[in-house]
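Computed from heavy atoms alone, side chains included, the values below leave out hydrogens, waters and symmetry copies. Protein chains get the first letters and strands the later ones, always in sequence-line order, with residue 1 at the start of each. What you are looking at is a predicted structure, and each value in this text was computed from that prediction instead of being measured.
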Amino acid sequence: MTQLNTYRGGPDEQGHFGIYGGRYVAETLMPLILNVEKAYAAAKDDPEFQKDFRYHMTYYVGRPSALYYAKRLTEELGGAKIYFKREELNHTGAHKINNCIGQILLARRMGKTRIIAETGAGQHGVATATVCALFNLPCTIYMGEVDIERQKPNVFRMRLLGAEVKPVTSGSRTLKDAMNEALRDWVSNVSDTYYLIGTVAGPHPYPMIVRDFQAVIGEETREQMMAAEGRLPDSLIACIGGGSNAMGLFYPFLDDPSVSLVGVEAAGLGLSTTKHAASMAGGAPGVLHGNRTYLLQDPDGQILEGHSISAGLDYPGVGPEHSWLHDLGRVRYESATDAEALEAFKLCSRTEGILPALEPAHALAYIIRAAGALPADHLMVLGLSGRGDKDIFTVADALGTTI
Amino acid sequence: MSTEGRITRSFAALKAEGRAALITFITAGDPDAATSLALLRGLPAAGADLIEIGMPFTDPMADGPAIQAASLRALAAGMTLAGTLALVREFRAGDADTPLILMGYFNPIYRYGVARFLVDAKTAGVDGLIVVDLPPEEDQELCLPALAAGISFIRLATPTTDDARLPAVLRHTSGFVYYVSITGITGTAAASDQAISDAVTRLRRHTSLPVAVGFGITSPDRAAAVATVADAAVVGSAIVSRIANGLDDRGHAPAGLVESVLEFVRELADAVHGARR
């Protein structure tokens, strides 16, 4: 592992985390991205903006989210003491809303009158549609046709919230194509439109902005663990699609060497197959959607489809800061298969009375593998990033049941 | 023969003749390698003064439906970056003069290896590169190495590139400047004549390089209108759509497809070359 004085220093002024990140976008978008960067720098230092953000976090999102000791699960696994950071209790049922509140306040500050976003599983789409309803801004959500089919409840939710959901029929018709289509929209509507990216990816400054707004997860975890146990946790475990919930949980702990950090990618049907979404375990560095990062790609540099039972994880890339932390060795990246995630989903439901989303079920699958071998005083935190209600049809299907 | 030479010589010759250039775009390997080689070989005689060859990519973010589909057709038929360079070599074997510009996205080049790509591209006879997702902020990736290798790097200037930013965009641009006439993706909206004229005038205040205008030029009439104010008109989606519309039910190129596409190029060329300047 490479030792740095700080792991919290990224990105540099050009938006790079080591060789990752950057601003690989068409010239049409460059001035817009520079504007977002300038506006964010001003907002970040503006106490009024921060006050507004905290207000909405408290009274609208319902923060702080609980840090909950999962006693029955801990007993079941017979090792590490397991806590859940319960982002699934947030308004809209996932961590995505944290970022959406931050960015919608930024968009308003910039005088933008129209919001666009991409979504895979629909959680970010729902969160975006929610804040757009709250602030009375029209919004268009791009969603792959394939994802629309498998996430119908979220599509309906977005429409109830007043969003226009545009099916994306290009390419492979999933999240990466939704992001392409959102970028095409932005290129075509430069003056009034704000692109509200849902994860720690895309061109600089998005990976930094989204991380900063999600860092509330780790900041609270730190305080709550100090209050509960009088010390820092020993390990933090979170799932990785684009990686926003993991980045938010990890970031405040990056410079605490005693805290081990584990990101869990989706191994789909297995890393030895082509049906997975583990861009770090099974990909290589490349450039897509405005940044350099690990990508699933063929030897010709063509982007491959990710696969996961969880629509929120099957993005063929990952946030650039994760790629950097991976190469540095500060965060360890593991993976869990569809089957393991399903087992974790069932175990969590039965032992804790919590239906986790299939995304954090991957992180829980790692915990199931690892916790038993650890001592009882090992404090382990699961980033429980979302609730599983949206996934009941997928789970039923996988279990061979019809609802 | 210097490669910068082909582009510069081409524009110098056109200037001497007092006419604008027609730049045509097709995607390498669309719908298959043999057909796109036949198209490439036919383009100069049909009136294309410079040729852009699209390097197929799965995720062409700045392109509209026509060129997205062309990319996917080419990839489905097995086209790769190495295959694209092979097409260039085969074209170059029979045509020493027509400037060839590769256009696309960075990732396939990055995976191929920038240094190796530049050597192979130069050897194959490539004169210039247009890489949509490399703004001046990322010049060290490919622009500067390309210039050092003797390959032009042609930058896109857009309606959002204001006067303050324009010098940065033009700094390492060589060969010509490509003005994207709309804020949008390829083959969709069209800019007004006045807007194009104003933009070209603005660019000329900042550069002495030839100015080509593209995006949204769909017909001989539109191409002629652009040719009255700019040094070149770029037509891509409209040509690529001709290819798409001419395919048979199985997506293959029937006999006569190449000739019908080239006939359209002749109409474009006549319009551009006949435009009053």
Asker: Under the side-chain hydrogen bond (donor to acceptor under 3.5 Å, both in side chains) criterion, do A:Glu27 and B:Thr158 qualify, and how do the steps go?
Answerer: CA-CA 7 Å; A:Glu27 172 60 22; B:Thr158 73; 4.8 Å; no
Asker: Please flag which part of A:Pro285 lies under 4.5 Å from any non-hydrogen atom of chain B: side chain, backbone, both or neither.
Answerer: both
Asker: Check whether any side-chain heavy atom of A:Val187 lies under 4.5 Å from a side-chain heavy atom of B:Thr183, and answer yes or no.
Answerer: no
Asker: For the OG1 atom of B:Thr58 and the CD atom of A:Glu305, what is their distance to the nearest 0.5 Å?
Answerer: 9.5 Å
Asker: Please flag which part of A:Ile303 lies under 4.5 Å from any non-hydrogen atom of chain B: side chain, backbone, both or neither.
Answerer: both
Asker: Measuring from atom CG of A:Asp177 to atom CE of B:Met61, what distance do you get when rounded to the nearest 0.5 angstrom?
Answerer: 11.5 Å
Asker: Most heavy-atom pairs under 4.5 angstrom with chain A, which of B:Asp59, B:Leu72, B:Val169?
Answerer: B:Asp59
Asker: Are there more than 12 heavy atoms of other residues, nucleotides or ligands under 6.0 Å from atom CD of A:Glu13?
Answerer: no
Asker: Between B:Phe106, B:Tyr112, B:Phe57, which residue shows the highest count of heavy-atom pairs closer than 4.5 Å to chain A?
Answerer: B:Phe57
Asker: Can you tell which part of A:Asp298 gets under 4.5 Å to a heavy atom of chain B, answering side chain, backbone, both or neither?
Answerer: backbone
Asker: Could you walk me through whether A:Tyr24 and B:Glu141 pass the side-chain hydrogen bond (donor to acceptor under 3.5 Å, both in side chains) test, one step at a time?
Answerer: CA-CA 10 Å; A:Tyr24 299 84; B:Glu141 294 282 359; 2.3 Å; yes
Asker: If we ignore hydrogens and angles and just use 3.5 Å, is the side chain of A:Arg184 paired with the main-chain N or O of B:Pro60 as donor and acceptor?
Answerer: yes
Asker: Pick from A:Leu34, A:Val25, A:Leu183: which one has the most heavy-atom pairs with chain B under 4.5 Å?
Answerer: A:Val25
Asker: What option among B:Asp162, B:Thr80, B:Thr160, B:Val180 has the most heavy-atom pairs under 4.5 Å with chain A?
Answerer: B:Thr160
Asker: Among A:His16, A:Gln14, A:Arg23, A:His289, which residue has the highest count of heavy-atom pairs closer than 4.5 Å to chain B?
Answerer: A:Arg23
